[in-house]
Amino acid sequence: MNPEPPPFEEAARCNVCKCSFTTFRRRHHCRCCGRTLCHEHSSNHMPLPQFGIHTDVRVCSECFNSFSRSTNSLGDSADRINSVSDSVSRLDINGDSEHNTEPALPQQLASADPECNCGMPLCICVVSHPSAKAASVQNQTIETSSAALNLNSKKTDTIARNKRTSQNSKQGSCVGAVGSSASSSDKPLSNYEANGEGLREAIKSGDIAGVKDLLNKGVDSNYCDKQGLSLLHLAAVFNQTDIVFTLMDHGAKVDSKNSHGETPLDCAPATLQYKMKQKIEEGLH
């Protein structure tokens, strides 16, 4: 019987980035370790056969990477065993004995060995036995195969480590890719209404050009919706660094609170919190 998965933790913040959960940032859990996580740090999926789960479920990056490392090590060991078995199976150990079934005559023994120098009917020259030669050839072949296997295993391990590193770097940069791609254009992506709701739509789309255009048209940077969520709250939740700084430059209040009593700093991820605090300190000097 498969063991039960660990119980879910009910924490108020993400276990990795320490961001708080709001209306727009939902709470998730890793099915393998049970930790409380945001969507960004629980975006991996894989089956958990040790718990009787054979379909892809949500897991954290640490559990996903540890499972990948164990799978790669098992695959490398199996490949080494199969390669050595193939090399040994190709060796023809009994090749000489199968062809020489008839006993040789005394007169033929001297001429059969090319290293014979005595010319006697029964050769008295000290020569190496064919079985010893075959055994030395087999040992050399096995040693060569083992060296080649060790070299291939080292190359495979290096490639696997490089692949995991590139995957982790891609996962870590996927959040900022939305904001950077949207801010690369100087023109708004859509025709927004020149009011607070239109500015909310531009922030949700990550349209930095549209946000600047609406702010320049006089839209209030401290606009709040019915739930008391300000535009700066919304930009912080979506981790839009450029839009957050633009709103702050146009007078957006950093100390405004939503219905849960949270400020935009409380809703922002740890990295964005640090950048916002730096900008606030620069403005005080």
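Along the sequence shown, residues carry numbers from 1. Every value quoted in this text rests on a predicted model; they were computed, and no experiment measured them.
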Would you check if the side chain of Asp266 reaches a backbone N or O of Thr263 as a donor-acceptor pair within less than 3.5 Å? yes
Please report the C-alpha distance between His39 and Arg58 in whole Å, then the side-chain angles of each, then the deciding distance to 0.1 Å, and finally whether the side-chain contact (heavy atoms from CB on, under 4.5 Å) criterion is met. CA-CA 10 Å; His39 173 75; Arg58 185 184 295 272; 3.5 Å; yes
Hey, is the main chain of Ser61 close enough, under 3.5 Å, to the side chain of Asn65 for a donor-acceptor pair? yes
Quick one: pull up SG in Cys30 and CZ in Phe64 and give me the separation to the nearest 0.5 Å. 11.5 Å
Kindly give the heavy-atom pair with the smallest separation between Gln240 and Gly206, and that separation in Å. NE2-CA, 3.8 Å
Besides Val16, the hydrophobic cluster formed by Ile, Leu, Val, Met, Phe, Trp and Tyr side chains linked at under 4.5 Å, directly or via other members, contains Leu37
Residues forming a salt bridge (charged side-chain N to carboxylate O under 4.0 Å, His left out) with Asp56, sequence neighbours excluded: none
Checking Arg31 now: which residues fulfil salt bridge (charged side-chain N to carboxylate O under 4.0 Å, His left out) with it, not counting sequence neighbours? none
Less than 3.5 Å apart, any donor N or O on the side chain of Tyr223 or Glu197 sitting next to an acceptor on the other? yes
Working to the nearest 0.5 Å, report the span between CD of Glu40 and SG of Cys14. 8.0 Å
If we ignore hydrogens and angles and just use 3.5 Å, is the side chain of His233 paired with the main-chain N or O of Cys224 as donor and acceptor? no
Pairs involving residues 8-18, ordered by first then second residue, that meet side chain to side chain donor-acceptor pair (under 3.5 Å) (sequence neighbours left out): Asn15-Arg35
Backbone N or O of Cys267 within a donor-acceptor pair of the Glu262 side chain at under 3.5 Å? no
Phe51 side chain near Glu4 side chain, heavy-atom distance below 4.5 Å: no
What do the steps show when you test Tyr192 against Asp213 for side-chain hydrogen bond (donor to acceptor under 3.5 Å, both in side chains), and what is the final call? CA-CA 10 Å; Tyr192 307 102; Asp213 181 64; over 6 Å; no
Where is the tightest heavy-atom contact between Gly210 and Pro188, given as atom of each residue plus distance? CA-CB, 3.8 Å
Between Glu193 and Asn195, do the side chains contain an N or O donor and an N or O acceptor separated by less than 3.5 Å? yes
Taking the side chain as every heavy atom from C-beta outward, state whether Ile203 and Leu231 have any pair of such atoms under 4.5 Å apart. yes
The test is side-chain contact (heavy atoms from CB on, under 4.5 Å); show your working for Leu234 and Phe24 and say whether it passes. CA-CA 8 Å; Leu234 185 64; Phe24 299 96; 4.1 Å; yes
Report yes if the side chains of Ser42 and His29 come closer than 4.5 Å at any heavy-atom pair, otherwise no. no
Report the residues that fulfil salt bridge (charged side-chain N to carboxylate O under 4.0 Å, His left out) with Lys277, sequence neighbours left out, ordered by chain and then residue number. none
Within 45° cone and under 6.0 Å: Lys279 NZ/CZ vs Phe245 ring: yes
With side-chain contact (heavy atoms from CB on, under 4.5 Å) as the criterion, how do Cys38 and Cys17 come out once you've worked through the C-alpha distance, each side chain's angles and the decisive distance to 0.1 Å? CA-CA 8 Å; Cys38 63; Cys17 66; 3.9 Å; yes
Hphob cluster co-occupancy, Leu189 + Ile208, side-chain heavy atoms under 4.5 angstrom: yes
Not counting sequence neighbours, which residues clear salt bridge (charged side-chain N to carboxylate O under 4.0 Å, His left out) with Asp225? List them please. Arg200
I need the Leu247 CG to His250 NE2 distance, nearest 0.5 Å. 8.5 Å
With the side chain counted from C-beta on, respond yes when Ile53 and Thr55 share a heavy-atom pair under 4.5 Å apart, and no when they do not. yes
Would you please test Phe21 and Arg26 for side-chain contact (heavy atoms from CB on, under 4.5 Å) and show each step? CA-CA 6 Å; Phe21 301 110; Arg26 295 182 57 191; over 6 Å; no
Is any side-chain heavy atom of Thr36 closer than 4.5 Å to a side-chain heavy atom of Phe8? no
Interatomic distance, CG@Leu265 vs CD@Gln273, rounded to 0.5 Å, equals 6.0 Å
Nearest heavy atoms of Cys63 and Met46, plus distance in Å: O-CE, 3.7 Å
Which atom of Ala235 lies closest to which atom of Ile243, heavy atoms considered: CB-CG2, 3.9 Å
With a sphere of 6.0 Å drawn around CG of Asn216, does it hold more than 12 non-hydrogen atoms of other residues, nucleotides or ligands? yes
Do Phe67 and Leu48 have side chains that approach each other closer than 4.5 Å (heavy atoms only, starting at C-beta)? no
Less than 4.5 Å apart, any side-chain heavy atom of Ser256 and any of Ser230? yes
Nearest heavy-atom contact between Val59 and Cys32 is CG1-CB, 4.2 Å
To the nearest 0.5 Å, tell me how far Thr23 OG1 sits from Asn258 CG. 8.0 Å
What's the separation between atom CG in Leu272 and atom OG1 in Thr241, rounded to the nearest 0.5 Å? 4.5 Å
Distance-minimising heavy-atom pair for Leu232 and Lys253: CD2-O, 3.5 Å
